[in-house]
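Everything below concerns the one structure shown next.
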2 protein chains.
Amino acid sequence: MMELTRKGEYAIRGIVYLASRPTDQVCLLSDIAAAVDVPPTFLAKIFQQFSKIGLVKSYRGTGGGFILGRPADKITLLDVVEAVEGPIIPNRCVINGIDCDRSSSCNVHPVWMNVQSQVRGILDKVTLKELAEG
Amino acid sequence: MMELTRKGEYAIRGIVYLASRPTDQVCLLSDIAAAVDVPPTFLAKIFQQFSKIGLVKSYRGTGGGFILGRPADKITLLDVVEAVEGPIIPNRCVINGIDCDRSSSCNVHPVWMNVQSQVRGILDKVTLKELAEG
DNA sequence: CCTCAAGAAGACTTTTTTTATCTTTTTATG
DNA sequence: CATAAAAAGATAAAAAAAGTCTTCTTGAGG
């Protein structure tokens, strides 16, 4: 349970690698993929998602590639994980608005809320800078 | 991410319902399934898993059914969730022994360890008694 | 000892999600 | 205009989840 998918793992590996490179250096996707051992086409999809929400900035054409969208200490593990895996929701009940028909009388609900906030809290305190340095 | 499967949801619903019934009363699986709105055949599989590890006690034959394997305040949400979803492992790295080839140099690893222990801690503090009363 | 009422076990099917890959399009450089 | 790169979309294969069906085993009551 609660297992990160391979996509999430690849995402972390890829962007942590990018964070470990010189800030101003544009990285080729194919180089990143090779460095972190991820299928390039799959990593491309992941970086497209990153790009859409500004986690990375992309450049097309000759000399193109990727750099981080903001400083490595302003990107958290939570940002990365939620970018590709979607919001951290241990149970459908936790989704605001779309509450199950049992939610009002459901004692389990607050437990999942707690889990959600704890996990988000942990992931939000870890930045790419820390992960890339170490 | 971290979403409970339907199986996990059903498992919780089913056993919490059982915990809400009189302690000595043997419950028919079909009654439980109807009460918590879960496909009976699917719930049967889940209760078989419960039975194997002693979370519930089963009786076959006429007048058979299920009761809790031990008092409701001695069964935690963690017991229930791990019974059907397997151990709580946010990332493959967390598995002892089977560590990925990056784990030694992997800064993400301790973060997942932390997530794992926090989540387990939360779930382990909630008992079926609390969930069934409320 | 026979019948019936339950759960146990295993095989199987369907559906959904994950994990890719391939092709075409867009954008930028020189 | 040719080439290099990412973006986008379609598709395919594999794995996991969700659910069903059939047969087996156990126990109670007559």
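Below, chains carry the letters A, B, ... as their sequence lines are ordered, and counting in each starts from 1.
With distances taken from any side-chain atom of A/Thr5 to the nucleotides C/dT19, D/dG19, D/dA6, the minimum falls on C/dT19. Of the candidates C/dG7, D/dA7, C/dA9, the closest approach to any side-chain atom of B/Leu28 belongs to C/dG7.
Applying the 6.0 Å contact sphere to CZ of A/Arg120 captures no more than 12 heavy atoms from other residues, nucleotides or ligands.
Where B/Leu4 and A/Leu29 meet DNA chain D, the nucleotide closest to each residue was compared, and A/Leu29 sits on the side nearer the 5' end.
For the OP1/OP2 pair of D/dA18 and a distance below 4.0 Å, the side-chain nitrogens and oxygens of B/Tyr10 include no atom meeting the criterion. Applying the 4.0 Å criterion to OP1 and OP2 of C/dT16, one finds that B/Arg6 has every side-chain N and O outside that range. Within the 4.0 Å cut-off from OP1 or OP2 of D/dA28, not a single side-chain nitrogen or oxygen of B/Tyr59 is found. The phosphate of C/dT21 has OP1 or OP2 within less than 4.0 Å of a side-chain N or O from A/Thr41. Side-chain nitrogen and oxygen atoms of A/Ser58 include at least one within less than 4.0 Å of the OP1 or OP2 phosphate oxygen of D/dA7.
Side-chain atoms of B/Ser20 come within 3.5 Å of backbone N or O of B/Tyr17 as a donor-acceptor pair. At distances below 3.5 Å, not a single donor-acceptor pair connects side-chain atoms of B/Gln116 with backbone N or O atoms of B/Pro90. B/Glu85 places no side-chain N or O within 3.5 Å of a backbone atom of B/Leu4 that could act as its donor or acceptor partner.
Across all strands shown, B/Ser51 has heavy atoms under 4.0 Å from sugar-phosphate atoms exclusively, and none from any base. When heavy atoms are screened at a 4.0 angstrom cut-off, B/Lys57 is found touching no nucleic acid atom at all. When heavy atoms are screened at a 4.0 angstrom cut-off, B/Phe47 is found touching no nucleic acid atom at all.
The CD-C1' distance, from B/Glu85 to D/dA17, rounds to 10 Å in whole Å. Rounded to whole Å, the distance from CD on B/Glu3 to C1' on D/dA16 is 14 Å. Between the C1' atom of D/dA17 and the CD1 atom of B/Ile46 lies a distance of 12 Å, rounded to the nearest Å. Atoms CG (B/Asp37) and C1' (D/dA18) sit 15 Å apart, rounded to a whole Å. Separating the NZ atom of B/Lys45 from the P atom of D/dA17 is a distance of 16 Å, rounded to the nearest angstrom. Distance CD (A/Gln48) to C1' (D/dA5): 12 Å, rounded to an integer number of Å. Atom-to-atom, CZ of B/Phe42 to P of D/dA16 comes out at 15 Å; the value is rounded to the nearest Å. Between the C1' atom of D/dA6 and the CD1 atom of A/Ile67 lies a distance of 14 Å, rounded to the nearest Å.
A donor-acceptor contact under 3.5 Å links the side chain of B/Arg60 to the base of D/dT25. In this model, a side-chain donor or acceptor of B/Thr62 finds a partner on the base of D/dG27 within 3.5 Å.
Salt-bridge formation is detected for the pair A/Asp79/A/Arg70: a Lys NZ or Arg NE/NH1/NH2 atom is positioned less than 4.0 Å from an Asp or Glu carboxylate oxygen.
Of the residues A/Arg6, A/Arg13, A/Lys7, the one that meets the salt bridge (Lys or Arg N to Asp or Glu O under 4.0 Å) test with A/Glu9 is A/Arg13.
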